[in-house]
Amino acid sequence: MTLRIATWNINSVTARLPKLLEWLEGAKPDVLCLQELKCATDAFPYEEVRALGYETEAHGTGRWNGVAILSKVGFEDVLRGLPNQPGYQADDALLPEQEPRAIGATCGPVRVWSVYVPNGREIGHAHYRYKLDWLETLRQDVAADAAGERPFAVLGDYNVAPTDEDVFDVAAFEGQTHVTEPERQALANLREAGLVDVVPRPLKYDHPYTYWDYRQLAFPKNRGIRIDLVYGNAPFAGAVTDSYVDREARKGKGTSDHAPVVVDLDL
DNA sequence: ATGACGTTCTTTGAACGA
């Protein structure tokens, strides 16, 4: 069977609902992983996407973060949060906060996680340590599936550009997060655990960037970075027939600052 | 053209994003 799986940091599913519905009707993925819902689980527009044939499992608390999986091929074994997911300890909080940054499910023949990795903010910030801990927990918690025979992938906004080729200008990121050695080592550890970086093809220009800042004409100038990634195990990666970044979805007003990454499989 | 940042809420600015 063929299966189309996609991931998209949608930057508010509420504000983006018309764009989401339009994109689903055009791209027709079987499974879609969403990040940055910016809405609570109960506030997800379930009925609107159901009208297009999708069931949804969402995990959100409101203003920030939030992840979901949309599926035309059913759900089994849904998990909200990584089993050992760390919380974020803000300076002014008494307890670490468990943020909605991961949801896992089996959809037909594949098992997937939709993840929104912490941003890290600045090198040395508590959020940067949180980001590295979060990625290490991800590695541990998906190790068994990564080594398994069932097609498996972790899709989402990793907030890390794997190589210098994945940023429009390395110098522009000097001293900033997303390109540091520890962050890239965390991705290398995921690959060591058996996951393959399924690199998509760009529809235009020569780098498959997935994010362009809203400011300073970043998109028209193609000043982008590749941080939305599909990490699949060998059975998943071996079934890939095509993959691309849908930059068309980044054009015009009222879009997310990220573009969807689409993967086609023949299983 | 692809056009100069966007979303949310404890809303009139701040927090967050990358």
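Protein chains get the first letters and strands the later ones, always in sequence-line order, with residue 1 at the start of each.
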Chemist: Could you walk me through whether A/Asp257 and A/Trp212 pass side chain to side chain donor-acceptor pair (under 3.5 Å), step by step?
Modeler: CA-CA 6 Å; A/Asp257 41 4; A/Trp212 300 261; over 6 Å; no
Chemist: Check whether any side-chain N or O of A/Lys72 sits under 3.5 Å from a backbone N or O of A/Tyr54 as a donor-acceptor pair, and report yes or no.
Modeler: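 Absent.
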Chemist: Any side-chain N or O of A/Asn119 less than 4.0 Å from the OP1 or OP2 oxygen of B/dA18?
Modeler: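 Checking A/Asn119 against B/dA18: at least one side-chain N or O falls below 4.0 Å of OP1 or OP2.
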Chemist: May I ask you to decide if A/Ser71's main-chain N or O and A/Asp30's side chain share a donor-acceptor pair within less than 3.5 Å?
Modeler: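 Absent.
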Chemist: Between B/dG6, B/dA18, B/dT2, which one does the side chain of A/Asp213 approach most closely?
Modeler: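 That would be B/dA18.
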Chemist: So, for A/Ala237 and A/Gly232, which heavy atoms are closest and what is the spacing to 0.1 Å?
Modeler: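 Closest heavy-atom pair between A/Ala237 and A/Gly232: CB-O, 4.4 Å.
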Chemist: Measure distances between side-chain N and O atoms of A/Arg215 and base N and O atoms of B/dA18, and say whether any donor-acceptor pair falls under 3.5 Å.
Modeler: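 Donor-acceptor pair under 3.5 Å: yes.
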Chemist: Please tell me which of the listed nucleotides, B/dG17, B/dC16, B/dT2, lies nearest to the side chain of A/Trp64?
Modeler: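 The nucleotide sitting nearest to the side chain is B/dC16.
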Chemist: Please lay out, stage by stage, how A/Tyr88 and A/His127 fare under the test ring-ring contact (aromatic ring centres under 6.0 Å, His included).
Modeler: CA-CA 7 Å; A/Tyr88 178 57; A/His127 211 262; 4.7 Å; yes
Chemist: Name the closest nucleotide to the A/His127 side chain, picking from B/dA18, B/dG17, B/dT2.
Modeler: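 When the side chain of A/His127 is considered, B/dG17 is the closest of B/dA18, B/dG17, B/dT2.
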Chemist: Rounded to the Å, how far apart are A/Tyr211 OH and B/dA18 P?
Modeler: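 Interatomic distance, OH of A/Tyr211 to P of B/dA18: 6 Å.
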Chemist: Just how far, in rounded Å, is P of B/dA18 from CG of A/Asn159?
Modeler: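 Taking atom P of B/dA18 as the reference, CG of A/Asn159 is at 4 Å.
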Chemist: Whole angstrom is fine here: how far is it from CD in A/Glu99 over to C1' in B/dG17?
Modeler: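 Taking CD of A/Glu99 and C1' of B/dG17, I get 13 Å after rounding.
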Chemist: Quick one: label A/Asp157 by what it contacts on the DNA or RNA (base, sugar-phosphate, nothing), any heavy atom closer than 4.0 Å.
Modeler: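 A/Asp157: backbone/sugar contact only, no base atoms under 4.0 Å.
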Chemist: Could you tell me how far apart A/Lys131 (NZ) and B/dA18 (P) are, to the nearest whole angstrom?
Modeler: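 A/Lys131 atom NZ is separated from B/dA18 atom P by 8 Å.
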Chemist: Identify, between A/Ala15 and A/Gly120, the residue whose nearest nucleotide on DNA chain B lies closer to the 5' end.
Modeler: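 Going by which nucleotide is closer to the 5' end, it is A/Ala15.
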Chemist: Taking the C1' atom in each of B/dT11 and B/dA15, what is the distance between them to the nearest angstrom?
Modeler: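 Looking at atom C1' only, B/dT11 and B/dA15 are 12 Å apart.
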Chemist: Send over the distance from A/Arg63 CZ to B/dT10 P, rounded to a whole Å.
Modeler: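 That distance rounds to 7 Å.
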Chemist: From C-beta outward on A/Thr14, which listed nucleotide comes closest to its side chain: B/dA18, B/dT8, B/dT2?
Modeler: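 In terms of side-chain proximity for A/Thr14, the closest of B/dA18, B/dT8, B/dT2 is B/dT8.
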Chemist: Indicate the atoms forming the closest heavy-atom contact of A/Asn9 with A/Gln35, along with that distance.
Modeler: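 Reported closest heavy-atom pair: N-OE1, 3.3 Å.
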Chemist: When the distance from NE2 of A/His258 to P of B/dT2 is rounded to whole Å, what number comes out?
Modeler: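 Atom NE2 in A/His258 sits about 21 Å away from atom P in B/dT2.
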Chemist: Looking only at side-chain atoms of A/Arg121, point me to the closest of B/dA4, B/dA18, B/dC16.
Modeler: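 It is B/dC16.
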Chemist: Side chain of A/Tyr205: nearest nucleotide among B/dT2, B/dA18, B/dT7?
Modeler: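 It is B/dT2.
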Chemist: Please pick, from B/dG17, B/dT7, B/dA18, the nucleotide with the shortest atom-to-atom distance to any side-chain atom of A/Arg101.
Modeler: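 Nearest to the side chain of A/Arg101 among the choices is B/dG17.
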Chemist: Taking the side chain of A/Leu217 as heavy atoms from C-beta outward, which of B/dA4, B/dG17, B/dT8 is closest to it?
Modeler: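 When the side chain of A/Leu217 is considered, B/dA4 is the closest of B/dA4, B/dG17, B/dT8.
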Chemist: For A/Tyr158 and A/Tyr231, what are the C-alpha separation, side-chain angles and deciding distance, and is it a ring-ring contact (aromatic ring centres under 6.0 Å, His included)?
Modeler: CA-CA 10 Å; A/Tyr158 282 70; A/Tyr231 269 44; 5.4 Å; yes
Chemist: How close or far is atom P of B/dA18 from atom CG of A/Asp257, stated in whole angstroms?
Modeler: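 The answer, rounded to whole Å, is 7 Å.
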Chemist: Counting any heavy atom closer than 4.0 Å, what does A/Gln176 reach on the DNA or RNA strands: base, sugar-phosphate only, or nothing?
Modeler: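 Nothing: the residue A/Gln176, judged by heavy atoms under 4.0 Å, touches no strand.
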Chemist: Remember a base hit wins even if backbone is also touched, and classify A/Tyr116 as base, sugar-phosphate or nothing at under 4.0 Å, heavy atoms.
Modeler: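 Answer is sugar-phosphate: A/Tyr116 comes under 4.0 Å of backbone atoms only.
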Chemist: Among B/dC16, B/dA14, B/dT7, which nucleotide has an atom closest to any side-chain atom of A/Ser12?
Modeler: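 The answer is B/dT7.
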Chemist: From the set B/dG6, B/dA18, B/dT2, return the single nucleotide nearest to any side-chain atom of A/Arg16.
Modeler: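 So the nucleotide nearest the side chain must be B/dG6.
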Chemist: Between B/dG6 atom C1' and A/Ile10 atom CD1, what is the distance in whole Å?
Modeler: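 From A/Ile10 CD1 to B/dG6 C1': 14 Å.
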Chemist: Give me the distance, rounded to whole Å, that separates B/dA18 from B/dT8 when you measure between the P atoms they each carry.
Modeler: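 Per the computed distance, 15 Å lies between those P atoms.
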Chemist: Could you check A/Lys251 against A/Gly62 and say which one's nearest nucleotide on DNA chain B is further toward the 5' end?
Modeler: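 Closer to the 5' end of DNA chain B: A/Lys251.
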Chemist: Distance check, P atoms only: B/dC5 and B/dT10, in whole angstrom units.
Modeler: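 Pairwise P distance, B/dC5 against B/dT10, rounds to 27 Å.
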Chemist: Contact class for A/Gly252 vs. all strands (heavy atom < 4.0 Å): base, sugar-phosphate, or nothing?
Modeler: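 Sugar-phosphate contact only.
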